[in-house]
Amino acid sequence: MTIQCQSSFQKNSEAGTGATGGSGSLYLVATPIGNLEDMTYRAVRTLQECDIIAAEDTRQTRKLLSHFEITPSMLFSYHEHNKGASGPELIRYIIEGKNLALVSDAGLPAISDPGADLVALAVSHGIPVIPIPGANAALSALIASGLPTASFTFIGFLPRERKDIRTVLSGLRTVQSTLLFYESPHRVAKTLAHLQEALGNRRVVLARELTKRYEEFLRGTIEECISWLTEHPPLGEYVIVVEGESKEEAELAESSWWRELSVEHHVVHYEASGLTRKDAMKKAASDRGLAKRDIYNALLEQE
C-alpha cells in the first residue's frame, strides 16, 4: 500500500494562485440547497477564480452563476450518464494545469451524486482535492429533527427494486444510530411503508423544502406521517430522518435470539453447548417463558 499525504498548505491550495509549472486542483464547491444565501463567500470566490466548472446540470448552474455574476471560462457537463467519458477528460485538464470546481445541483458534491467517482479518479492521479464546505440537506434535517445526533448513518436514496430495498433495510434494523434518507415526493409514501415494514413504527421526521420559503418539518411516527401524506400530497424533495433501534430493543433482540428457532432446534442448541437433554429443555423453557412440560409436549409433536 502506498501512503498518499495531501498537505493542507499547498502551492495550489487556493484557486486564484494559478497552477503554473504543475497540475491544478479539484475543488468540491457546495451550492445552495434552496436559499441562495446558503452560498458562502469562499464558494463564490472559488467559482470566480477556477479555470473550469463542472456541473451536474449546466442549465441549473448557469442560473446560479448568473445570480452571482460569475462568468466561467469553461463550463462542462458532468453527471451519472457521461461520467465515464467526462471524468478522464476533466482529469486531463487538471493535470495540464487547470483548476477545476465541481458542483452538484444542490448541496455538497460527491454526496449521492457521481462527484465521488471524479474525486477517486483525482486521488488516483495524485491531484489535490479541496473541499469548499457549505449547505447539506441531510445534516440540516438531522440537526433540526429533535432525534439523536451523536451518531448517525447516511443512506441516501434507496434502490428501486423491492427486493433490493428489503436487503438494504434488513441490514439497518439493528443500527442504533439515527438514519438519514433522501427521497423524491412521488416515492416518499412508499418508502415510509417500506421503513415501517422493515423497522417497525419508529419516530421519524420528514424535512422538505429546506432553507426555502416553505420549509417544513413533519414529526411523528411512521404510521402518523403516512396518514398525514394521504391528506397532504407530498411536495418538494424530502430528507427522512429515522430514529435508530433503541437500547431496550437491542437488549430484547439479543435476549430473544432464539425466536426464529423451532423448539427442537432451541433445545438442540443448548445440547450442543454441553447441557444434558433435561437441562437443555429446562433452559429453553426458561427462555420462552414456558413450563418444561410444554417443551416436552412440543418436542413430541415434532417427532
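Predicted, not measured: the structure shown is a model, and the values here were computed from it. For the single chain, residues carry numbers from 1 onward in sequence order.
- In plain terms, the two heavy atoms of Pro32 and Asp38 that are nearest each other are CA-CB, 3.6 Å.
- By the rule that hydrophobic residues join a cluster once side-chain heavy atoms approach within less than 4.5 Å of another member, Leu206 and Val239 end up as members of separate clusters.
- Between Leu147 and Phe152 there is no side-chain heavy-atom pair separated by less than 4.5 Å.
- One hydrophobic cluster holds both Tyr93 and Val123 under the rule that ILVMFWY side chains link at heavy-atom gaps under 4.5 Å.
- Without hydrogens or angle criteria, Asn82 side chain to Ser77 main chain gives a donor-acceptor distance under 3.5 Å.
- With hydrogens and angles ignored, the 3.5 Å screen pairs no side-chain donor or acceptor of Ser66 with any backbone N or O of Lys63.
- With hydrophobic clusters built from ILVMFWY side chains whose heavy atoms lie under 4.5 angstrom apart, Leu229 shares a cluster with Leu195.
- Heavy atoms only, all atoms of each residue included: Ile295 and Met281 are closest at CG1-O, 4.0 Å.
- The closest side-chain heavy-atom distance from Asp51 to Ser73 is not below 4.5 Å.
- Here the CD-CG distance, from Glu224 to Asn201, works out to 7.0 Å after rounding to the nearest 0.5 Å.
- By the 4.5 Å heavy-atom criterion applied to side chains, Gln176 and Ser246 are not counted as neighbours.
- For the pair Ile127 and Gly24, the tightest heavy-atom approach, listed with the atom from each and the gap, is CG2-O, 3.9 Å.
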Original post:
Can you list the steps and then say if Lys278 with Lys282 is a side-chain contact (heavy atoms from CB on, under 4.5 Å)?
Top reply: CA-CA 6 Å; Lys278 180 179 179 180; Lys282 184 177 180 180; 5.9 Å; no

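- By the 4.5 Å heavy-atom criterion applied to side chains, Phe68 and Leu47 are not counted as neighbours.
- Between Gln48 and Glu69, the closest side-chain pair of non-hydrogen atoms is not below 4.5 Å.
- Atom-to-atom distance recorded for Ile52:CD1 and Tyr27:OH is 12.5 Å, nearest 0.5 angstrom.
- Follow the hydrophobic side-chain contacts under 4.5 Å out from Val204 and you reach Leu218 in the same cluster.
- Contact of the Leu64 side chain with the Val103 side chain is not registered, since no non-hydrogen atoms from C-beta on lie closer than 4.5 Å.
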**OP:** Quick one: do Leu199 and Leu179 satisfy side-chain contact (heavy atoms from CB on, under 4.5 Å)? Show the steps, please.
**Re:** CA-CA 11 Å; Leu199 309 178; Leu179 307 175; 4.0 Å; yes

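- Although no hydrogens or angles enter the test, the distance criterion places no donor-acceptor pair under 3.5 Å between the side chain of Thr149 and the main chain of Ile143.
- No donor-acceptor pair under 3.5 Å is formed between the side chain of Gln196 and the backbone N or O of Leu192.
- Checked for salt-bridge contact, Glu243 and Arg202 miss the test: no charged N lies under 4.0 Å from a carboxylate O.
- Ion pair Lys190/Glu183 not flagged as a salt bridge, since none of the NZ, NE, NH1 or NH2 atoms sits closer than 4.0 Å to an Asp/Glu carboxylate oxygen.
- Between the side chain of Asp279 and the main chain of Thr276, no donor-acceptor pair closer than 3.5 Å is present.
- Using a distance-only test at 3.5 Å, with no hydrogens or angles considered, a donor-acceptor pair links the side chain of Thr46 to the main chain of Arg42.
- Looking at Asn136, Leu210, Leu108, Asp105 one by one, the single match for side chain to side chain contact (heavy atoms under 4.5 Å, CB included) with Ile33 turns out to be Leu210.
- In summary, Arg173 and Glu245 do not engage in a salt bridge, as defined by a charged side-chain N under 4.0 Å from a carboxylate O.
- Without hydrogens or angle criteria, Thr61 side chain to Asp57 main chain gives a donor-acceptor distance under 3.5 Å.
- Annotation: the span from Cys50 atom SG to Ile130 atom CD1 amounts to 8.5 Å, rounded to 0.5 Å.
- Contact check for Arg208 versus Leu235: side-chain heavy atoms found under the 4.5 Å cut-off.
- Contact record, Ile165 with Pro159: CG1-O, 3.2 Å, taken as the closest heavy-atom pair.
- Contact annotation: the side chain of Lys83 never approaches that of Leu118 to less than 4.5 Å [non-hydrogen atoms, C-beta and beyond].
- Closest non-hydrogen pair, Cys225 versus Gly220, comes out as SG-N, 4.2 Å.
- Around atom CZ of Arg62, no more than 12 heavy atoms belonging to other residues, nucleotides or ligands sit under 6.0 Å away.
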**OP:** List the steps, then state whether side-chain contact (heavy atoms from CB on, under 4.5 Å) holds for Phe76 with Leu100.
**Re:** CA-CA 10 Å; Phe76 276 81; Leu100 185 145; over 6 Å; no

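- Here the straight-line distance linking atom CG of Asp113 with atom CG of Asp117 works out to 9.0 Å at 0.5 Å rounding.
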**OP:** Apply ring pair (Phe, Tyr, Trp, His ring centres under 6.0 Å) to Phe181 and Tyr238, showing your working.
**Re:** CA-CA 8 Å; Phe181 300 86; Tyr238 281 81; over 10 Å; no

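- Between the CG atom of Asn35 and the OG1 atom of Thr211 there is a distance of 5.0 Å, given to the nearest 0.5 Å.
- Taking CD from Glu271 and NZ from Lys283, the interatomic distance works out to 14.5 Å, rounded to the nearest 0.5 Å.
- In terms of heavy-atom proximity, Ser145 sits nearest to Arg219 at O-NE, 3.1 Å.
- Under a hydrophobic clustering in which Ile, Leu, Val, Met, Phe, Trp and Tyr are joined whenever their side-chain heavy atoms come within less than 4.5 Å, directly or via other members, Leu169 and Tyr182 fall into different clusters.
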